[in-house]
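As structure tokens, the structure follows; a few thoughts come after it.
Just so we're on the same page: letters track the sequence lines, and every chain starts at 1.
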Protein chains: 2
Amino acid sequence: MSRPSSVGEVIIVGAGAGRPGFITVEGLEALRTADVIIYDRLAPRGLLRHARPGARLVYAGKAPGHHSMSQEDINDLLLQHAREGARVVRLKGGDPLFFGRGEEECLHVLRHGVRCRIIPGIPSPLALASLYLVPLAGRGFSSSIAFATGTRSGGTPLGRDEIRRLLLSADTVIFVMATRIYRDIVEEAASTRGPEEAVLVAEDLGGPGERVWCTRAGSREALLQRPSPPAIIVVGGAARWAMENAERYACSSSARTGRR
Amino acid sequence: MSRPSSVGEVIIVGAGAGRPGFITVEGLEALRTADVIIYDRLAPRGLLRHARPGARLVYAGKAPGHHSMSQEDINDLLLQHAREGARVVRLKGGDPLFFGRGEEECLHVLRHGVRCRIIPGIPSPLALASLYLVPLAGRGFSSSIAFATGTRSGGTPLGRDEIRRLLLSADTVIFVMATRIYRDIVEEAASTRGPEEAVLVAEDLGGPGERVWCTRAGSREALLQRPSPPAIIVVGGAARWAMENAERYACSSSARTGRR
């Protein structure tokens, strides 16, 4: 496809989660041919070795408590490099449009007349599913599934009534960025669905502290746990299937299926 | 990794959706080295050209109204080939554990002592998101998101009250395999969220009939439409963001962002 000779383009690439090999073929190809790669804290670092020699690598991640670059700065940086004629890859953890804010970056660039496209990535809950045999959705045990973040746009934590409403409407509910409200989730799960309801937690998936464990919402053990971020909290259908059918694979970071 | 010389393994691979290049790097590698590939109707056929010469290709898809192979037959076929020492890839459209029944196949194989692993894939709603700039989830406009199928395990369609409960609990609700209940969805969206609520529909994503369009739940136009399967129906947050910010990209199959 031709493009104006003086203007580059922006490609927002989902790096996926869990394993570096979970990036898409098209995503990797974009990485390999980029002039500039602007990457996130959550994007697997191992992927950067695929950059071509001479490519410029820019870190734009936000570590908790540290501000490296504001969203506005990142938007402008993408635009600036593209306007200089570069093929710019913006590498993000997981999927760019699944709690990834890729839409803001792409829209900013498009509104300034620069081409932008997005390549999807495997979000962390789907990586968890494949690595630990936790089927997120399937007829019978998990016909509906809901995803929510632990904090609302203003930064306030998700309320008890919102947690309850989600638990009452979908068979499986998955909370991301929600370790702060873990106790609320477990207590609401026990009260709306009964103390035996299954809860599965994955901490630091793909990282050095990867740990996956299962518990029952009403158990003493469930309340004693304190998951560390980043974590995924799965309640109901999918977690129940995993505990009942595949506990040795799903509920332990050491016993696995046929995994590397 | 070593394996017993006489027993093969099963790798369940999500082919992804939307574009053949959306398969993962690890998934493509598994395809390339497979002795046997058992593939689905929904898996992009273009991927099969990556099979190595001599690989055996077996079609196991279920066309509507035609039974080619039962789930039990597929389970047994996977096991049989692996026991003969083959490296067996089971290629499925989308993600194997997101309404894909990959868990049944993997569990069957594991229970018979054969290694099984799963490689995730991009589910069709995420492919839609990236291709048409429809951000599925993001703080502010779509803090929570729910996915549901149009039919329950017994084959009965999702009821009005279940549709309503989903619409009342999550900002964005995505229905898959739900063209039969399209009218119920639109009517419930108009009554629970108001006639201006945004609805976005993607038909045959990645196929020859790919068509994406937007409407308002309470409009006359919305009720005149009859989406054809396979389709994805997006109600609320994500569709609203797309209509308000990126209508020319999100609501038309011809105008696109920077896409091939």
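For a residue to count as touching a neighbouring chain, one of its non-hydrogen atoms must lie under 4.5 Å from one of that chain's; by this rule A/F141 touches chain B with the side chain only. Of the atoms belonging to A/S142, it is backbone heavy atoms, and not side-chain ones, that fall under 4.5 Å from chain B. Looking at A/V10, neither its backbone nor its side chain comes within 4.5 Å of chain B, counting heavy atoms on both sides. With a 4.5 angstrom heavy-atom cutoff, A/D95 touches chain B only via side-chain atoms. Contact of A/R164 with chain B is not made at all, since no heavy-atom distance falls under 4.5 Å. Contacts between A/L126 and chain B at a heavy-atom distance below 4.5 Å involve backbone atoms as well as side-chain atoms. There is no contact between A/L158 and chain B, counting heavy-atom distances below 4.5 Å. Proximity to chain A is absent for every atom of B/I11, based on heavy atoms less than 4.5 angstrom apart.
Using a distance-only test at 3.5 Å, with no hydrogens or angles considered, a donor-acceptor pair links the side chain of A/E210 to the main chain of A/G206. Remark: the backbone N or O of A/V176 is not paired with any side-chain donor or acceptor of A/T149 at under 3.5 angstrom. Distance alone, capped at 3.5 Å, is enough to place a donor-acceptor pair between the B/E162 side chain and the B/G159 backbone. Remark: side-chain polar atoms of A/T172 are paired, donor with acceptor, to backbone N or O of A/A238 under 3.5 angstrom.
The greatest number of non-hydrogen atom pairs below 4.5 Å with chain B, out of A/N245, A/D171, A/L28, A/I12, is found for A/N245. Taking B/S143, B/G18, B/G102, B/G100 one by one and counting their heavy-atom pairs under 4.5 Å with chain A, the maximum is reached by B/S143. With chain A as partner, the option from B/I145, B/L136, B/V173 having the largest number of non-hydrogen pairs under 4.5 angstrom is B/I145. Ranked by heavy-atom pairs under 4.5 Å with chain B, the first of A/A148, A/P135, A/S144, A/A146 is A/P135.
Of all heavy-atom pairs between B/V114 and B/G8, the closest is CG1-O, 3.9 Å. B/D35 and B/R87 get closest at one heavy-atom pair: OD2-N, 2.7 Å. Taking all atoms of both residues into account, the shortest heavy-atom contact from A/I122 to A/A127 is CG2-N, 3.7 Å.
Rounding to the nearest 0.5 angstrom, the gap separating the NE2 atom in A/H112 from the CZ atom in A/R83 is 5.5 Å.
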